[in-house]
Protein chains: 2
Amino acid sequence: MSKRNAILASATRLFSRNGFQGTAMAELSAITGAATGTIFHHFKNKEDLFLQVLNDVKESILDQFDRHQQTCRDQNGIARVEGVVAFYLHLAGTMEDQFLIIHRHDPYQMAETSPVCRSHLESIYTCLLDIFEEGIQTGMRDGSVAVDSPRQTAMVLFAMVDGIARLNTYRVYDAGTLYDSLMVACRRLLTGGR
Amino acid sequence: MSKRNAILASATRLFSRNGFQGTAMAELSAITGAATGTIFHHFKNKEDLFLQVLNDVKESILDQFDRHQQTCRDQNGIARVEGVVAFYLHLAGTMEDQFLIIHRHDPYQMAETSPVCRSHLESIYTCLLDIFEEGIQTGMRDGSVAVDSPRQTAMVLFAMVDGIARLNTYRVYDAGTLYDSLMVACRRLLTGGR
DNA sequence: AAAAAAACCGACCGATCATTCGGTTGGCCT
DNA sequence: AGGCCAACCGAATGATCGGTCGGTTTTTTT
């Protein structure tokens, strides 16, 4: 692995665990074995490094969901949505660092001054909401889903699933046993009980 | 207002807007007009100050919900739950700083080393979940709510409402128009469509 | 009014931070 | 072989950080 990629990988872990301000370039240097000068050779400053990390996070998340979308072309609407919900929870576990970064306040704070950062965040949210919405609309056509507004339902659904994923990472409560309840809630939300 | 309370008030705003590490004691000193020595006279260190702030956040949130609970003694189950959901969104707007603090990672990170911090967080979550659960159980008795597990439904419901509140504060999407959809989702979730 | 206690001040300290810079290395083109 | 450039190094720098301390003012107690 090139030194640049090693820096990016370690930065992802440090930023996700300790946050932007809690991550010291000296620590990153010690972990990767790269001199501080090397880090600043590849990234013009700490914020630029964070943006590159966020870009990688965006690309890997979008890539994972694109790939997942390929696998459920023949399912009906509600099965697609349920599949996405399950996949979202699964990803939040396997790509914990990446999800931690977009669950922290760091990127949203940076988005207020950095259009690039804001663009990355919007790409992620738009992608996720589009996927939910597409499943819902498919379901409305094939009769497996009955809601008023597909987009707004997608947002509520996303808020619910992401909220459960957060509960998991915060570890204030053990939300691992919530999977079944979440699926029931998801189904009720989309069908109105039928 | 005593200087100590002025420090606490300004600290709440700074911690919520800039985070724990992003808040400098010198800045807090400049804003409040209190010398740094005065701050450390009232709080033994930065972490202690944050814990006092979190304690105030806990007490004001718990107080608000206790007061709200008094106003809906005669309502049926689902009306209570819907009232709590609406009140939660309302509070997240009027007490934005307080909710921002518990939405940040700072307290959860501190909770890993500080039992006091963990206790505050657990108090808040337990209180909120208990309120949701109590409404659900009331609804199960009076027939307005039909779910399998009251506690788990309360968690899913909380994750959903809190997720919407976050969307509002992050301002990535305008979730202000989501109120009606959230209420529909809430009702579907609790009644299964009936 | 005297004494004790609490609140308050701000210069100061050592540590740590992001970033810079002058210099070395190693592969690639000619 | 020689020239070139990107990758790499790590000591040095100035700013900023949380926290201390000796002293003054204000409030409370006796």
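Throughout, protein chains are lettered first and strands after them, A, B, ... in sequence-line order, and every chain is numbered starting at 1.
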Practice task
For this output row, return yes or no: ring centroids of B:F50 and B:F43 closer than 6.0 angstrom.
Solution key: no
Problem - A:D74/A:R80 salt bridge by N-O under 4.0 Å criterion - result: no
Practice task
Evaluate the ring planes of B:F20 and B:F15, with Trp represented by its six-membered ring, and classify them as parallel (under 30°), tilted (30 to 60°) or perpendicular (over 60°).
Solution key: parallel
Practice task
Extract, from 5' to 3' on DNA chain C, the first and final nucleotides lying under 4.0 angstrom from some heavy atom of chain B.
Solution key: C:dA7 to C:dA11
Exercise for the section: Would you please indicate yes or no on a ring centroid separation below 6.0 angstrom for B:Y125 and B:F158? Expected result: yes
Problem - Pairing residues for A:F132 by the ring-ring contact (aromatic ring centres under 6.0 Å, His included) criterion, not counting sequence neighbours - result: none
Completion exercise
A:H42 atom NE2 is separated from D:dC5 atom P, nearest whole Å, by 18 Å
Practice task
Could I get the full list of side-chain hydrogen bond (donor to acceptor under 3.5 Å, both in side chains) partners for B:Q152, not counting sequence neighbours?
Solution key: A:S181
Handout entry: Under 4.0 Å protein heavy-atom contacts per nucleotide of nucleotides 11-25 of chain D, with B for base, S for backbone only and - for none
Key = B-----SSBBB----
Problem - Pairing residues for B:R4 by the side-chain hydrogen bond (donor to acceptor under 3.5 Å, both in side chains) criterion, not counting sequence neighbours - result: none
Handout entry: Touch class at under 4.0 angstrom, heavy-atom based, for A:G22 against every strand present
Key = nothing
Problem - Listed partners of A:D106 passing side-chain hydrogen bond (donor to acceptor under 3.5 Å, both in side chains), at least two apart - result: none
